[in-house]
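Values below: every heavy atom of this structure, side chains too, minus hydrogens, waters and symmetry copies. So you know, we letter chains A, B, ... as the sequences are listed, proteins then strands, and number each from 1.
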There are 2 protein chains.
Amino acid sequence: MDNLYVIKIGGNIIDDDEKLKLFLRSFASIKSNKILVHGGGKLATKLADTLGVQQKLIDGRRITGAETLKIVTMVYAGYINKNIVSQLQSKNCNAIGLCGDDAKIIQAHKRIHPSIDYGFVGDIDKVNAEQLKQLINSGLTPIIAPITSDSEGQLLNTNADTIAQEIAKAMCEYYNVQLIYSFEKSGVLLDVNDENSVIKKLTPQYYHELNTPLQGMGAKIFAGMIPKIDNAFAALNSGVKKVIIGNAEKLNDLINNSAGTTITNE
Amino acid sequence: MDNLYVIKIGGNIIDDDEKLKLFLRSFASIKSNKILVHGGGKLATKLADTLGVQQKLIDGRRITGAETLKIVTMVYAGYINKNIVSQLQSKNCNAIGLCGDDAKIIQAHKRIHPSIDYGFVGDIDKVNAEQLKQLINSGLTPIIAPITSDSEGQLLNTNADTIAQEIAKAMCEYYNVQLIYSFEKSGVLLDVNDENSVIKKLTPQYYHELNTPLQGMGAKIFAGMIPKIDNAFAALNSGVKKVIIGNAEKLNDLINNSAGTTITNE
């Protein structure tokens with residue numbers, strides 16, 4: 001099977017024109033098959049502020065009212081996605097910007113929660129791996145914005161980390177998949193205050209040890225990293241070969257395994 | 001050769017949720033190959049007003065400064081395009097939203113004009129008909145937003161009528177192409193004040209007669225219609241079989257030739 005990199009680029013890099021440009025240059029230079037999933041950055045929040053639309057977050061997830069949905073659709077699917085695609089095209093990467101509803105690559109439904117109304121937030125039912133493979137086979141590089149829709153045509157704001165994970169899992173049917181979460185941090189840090197304390201390799205056993213404070217490892221893994229790591233292990237258990245977490249400015253090193261944290265079952 | 005309809009939907013319909021919904025239902029029901037090109041509507045102007053970005057128009061073309069470009073990219077490529085795609089998907093039309101830079105379907109350059117600086121406005125160099133054909137052959141229906149980019153990755157605001165015309169012309173290599181300009185009017189009117197005065201068939205000879213007031217035809221073709229008609233004849237001269245101009249609410253009738261104005265060389 002061919003290799004496929006599913007790469008998530010985080011918000012802080014998207015907010016920084018220069019860093020984004022360098023990241024996209026590295027991304028364009030990857031010879032293997034690749035898919036980019038991008039988050040939102042601060043632009044949506046800024047636009048909402050300017051327009052006087054109040055933002056609410058619960059557990060890091062944006063509560064998406066009708067006005068907020070309009071804003072994130074404009075910013076994620078419009079401004080950010082098209083800027084990334086046009087920059088990649090200028091670097092000879094034949095990018096195609098997609099949301100979940102384009103070519104029906106992702107089917108989702110509005111989140112149902114017993115106590116919290118998340119608003120127009122999507123949970124993923126299914127990734128159309130065959131359609132993505134078809135686009136890739138025809139020489140295209142999918143660039144995916146975190147907007148999906150339900151079967152009734154309702155747009156839904158959807159977590160980009162989850163989209164990357166679900167795509168990576170689904171694509172295992174056709175490719176050797178590596179999932180890369182790239183952002184502003186160097187990787188999973190043993191000590192959240194020390195950027196040099198990157199854990200090079202994280203196995204389930206080691207993670208279990210780190211998460212057992214009584215064993216005296218003294219690890220201070222940033223709480224915000226825990227869902228990413230849990231997602232990573234879930235992805236590995238669904239067939240993804242390797243999950244790499246690290247600095248978007250070192251994308252080539254992440255791919256070469258010379259930077260970041262590699263999460264693996266072995 | 002197979003038939004292909006290239007259909008442009010105008011701004012006034014896009015601004016009206018109910019009319020847009022009905023239009024999209026008709027569009028989804030077309031059995032032949034089809035491409036939809038959409039304009040912008042008033043949402044971009046409204047958003048610019050709210051954000052305090054002043055809008056300037058010269059000859060009906062928006063002067064596109066950096067802030068306006070951001071707004072039209074968000075509104076056209078984000079909000080409008082994704083809403084159309086998700087509605088079509090819910091009607092079993094496998095739509096895919098695209099700008100010019102996606103899959104490099106349109107190459108453009110920033111408009112150069114001896115006296116007017118249009119800002120970030122694009123003129124089209126080339127339509128990638130082969131790529132569009134490939135997408136159509138794989139069962140997809142392209143939905144095109146009027147944003148293109150130049151070879152350096154600069155996004156450009158681009159006239160949707162022109163995009164529809166250029167796509168129609170380029171696709172003649174592979175299809176029997178009919179170009180439909182659908183909007184809020186019933187067609188080309190003999191008397192601009194009488195919606196019942198639709199000219200059913202417009203040939204170059206008849207048009208010439210209408211445009212020669214001394215011959216006493218008394219025609220009052222709305223001046224805003226002239227560029228559309230000129231574009232239509234240019235399209236016919238480049239191989240397009242038929243150009244139809246008419247009411248978006250009667251899309252099926254336009255296709256059946258029972259409504260609107262058919263522009264033809266014969």
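Proximity to chain A is limited to the backbone of Ala95(B), based on heavy atoms less than 4.5 angstrom apart. For Leu47(B), the part lying under 4.5 angstrom from a heavy atom of chain A is the side chain only. Residue contact with chain A, scored on non-hydrogen atoms closer than 4.5 Å, involves the backbone and the side chain of Ser138(B) alike. Looking at Ile147(B), there are no atoms closer than 4.5 Å to chain A (heavy atoms on both sides), in backbone or side chain. Neither the backbone nor the side chain of Asp150(B) comes within less than 4.5 Å of any heavy atom of chain A. Looking at Leu156(B), neither its backbone nor its side chain comes within 4.5 Å of chain A, counting heavy atoms on both sides.
Chain A forms more heavy-atom pairs under 4.5 Å with one residue of Leu135(B), Thr73(B), Val75(B) than with any other, namely Thr73(B). Your options are Asn83(B), Thr141(B), Leu98(B), and the one with the most heavy-atom pairs under 4.5 Å with chain A is Asn83(B). Considering only heavy-atom pairs separated by less than 4.5 Å from chain B, the leading option among Leu88(A), Leu140(A), Ile143(A), Ile80(A) is Leu140(A). Note on Gln87(A), Glu152(A), Lys91(A): by heavy-atom pairs under 4.5 Å with chain B, the leading option is Glu152(A). When each of Ser151(B), Ser86(B), Ser90(B) is checked for heavy-atom pairs under 4.5 Å with chain A, Ser86(B) comes out on top.
Screening Asp101(B), Asn81(B), Asp102(B) against Lys82(A) for a side-chain hydrogen bond (donor to acceptor under 3.5 Å, both in side chains) leaves a single residue, Asp102(B).
Inter-residue side-chain proximity for Ile96(B) and Gln131(A) is flagged as unmet; no heavy-atom pair is nearer than 4.5 Å.
The neighbour count for Lys34(B) NZ, taken as heavy atoms of other residues, nucleotides or ligands under 6.0 Å away, is above 12. Applying the 6.0 Å contact sphere to CD of Glu184(A) captures more than 12 heavy atoms from other residues, nucleotides or ligands. More than 12 heavy-atom neighbours from other residues, nucleotides or ligands sit within 6.0 angstrom of NZ on Lys169(B). By the 6.0 Å contact criterion, CG on Asn92(B) is open, its count of non-hydrogen atoms from other residues, nucleotides or ligands being 12 or less.
Between Gln89(A) and Lys104(B), the shortest heavy-atom distance links the atoms NE2-N, 3.4 Å.
Separation of atoms CD (Gln134(B)) and CD (Gln134(A)) is listed at 9.5 Å; rounding is to 0.5 Å.
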